[in-house]
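First up is the structure itself, then whatever we jot down about it.
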Amino acid sequence: MSGHDDESRAPGAQADKRRDLRGRDDVAMSARLRLAGQVDGFDVSVRNVSAGGLMAELPHPMVPDSAVEIELAGLGWVAGRIAWQIERRAGIAFDELIDPAALLHH
C-alpha cells in the first residue's frame, strides 16, 4: 500500500460526499417529486444518487413502476420510474443518465 492510498482514505478526505462501490454518492438534499404529467408534487429527502437513479425518503408510499419526475437542484425536472418501495424509502430509476456532479456541486 502506497502513501497515496493512505491519503485518499484519510478521515474527512471527502467530507461533503461519500461514494459507495456501486458509484452512488451519499447526499442529504431536498427535492420535489410528482407523478409524470402532474403539476402538483411533494417534498422528498434524497439520500443517495448515481447517474442512473437515486434513493429518496417519501411522505407516503408510491406504486412501483409509476412514472415520476423529480426536481433536482442544478438539473431541473428529471423523468424516471419508481423501481422499488420499502416503507418510506423508494428507488427511482432515471429514464436517462444524469451527471451527479451537477447537483452535488450546486
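In what follows, every heavy atom counts, from backbone to side chain, and hydrogens, waters and symmetry copies are set aside.
When hydrophobic clusters are built by joining Ile, Leu, Val, Met, Phe, Trp and Tyr residues whose side-chain heavy atoms come closer than 4.5 Å, directly or via intermediates, Val46 is grouped together with Phe94. Residues Ile82 and Phe42 fall within the same hydrophobic cluster, defined by Ile, Leu, Val, Met, Phe, Trp and Tyr side chains chained together at heavy-atom separations under 4.5 Å.
Here the shortest heavy-atom pairing between Pro100 and Ala51 reads CG-N, 3.6 Å.
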Mind listing the side-chain donor-acceptor pairs of residues 58-75 below 3.5 Å, one per line with the distance, residues two or more places apart or on another chain?
from  : atom 1 : to    : atom 2 : distance (Å)
Ser66 : OG     : Val63 : O      : 2.6
Glu69 : OE1    : Arg34 : NE     : 2.7
Glu69 : OE1    : Arg34 : NH2    : 3.0

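Scored by the salt bridge (charged side-chain N to carboxylate O under 4.0 Å, His left out) test, Arg89 finds Glu57 as partners (sequence neighbours excluded). Residues passing the salt bridge (charged side-chain N to carboxylate O under 4.0 Å, His left out) test with Arg32, sequence neighbours excluded: Asp43.
Legend: salt bridge (charged side-chain N to carboxylate O under 4.0 Å, His left out) pairs involving residues 73-88, not counting sequence neighbours: none detected.
Note: Leu97 CG to Asp99 CG = 10.0 Å, rounded to the nearest 0.5 Å.
Other members of the cluster containing Trp77 do not exist, because no ILVMFWY side chain is joined to it at under 4.5 Å.
Side chains of Val78 and Leu54 form no contact here, defined as non-hydrogen atoms less than 4.5 Å apart.
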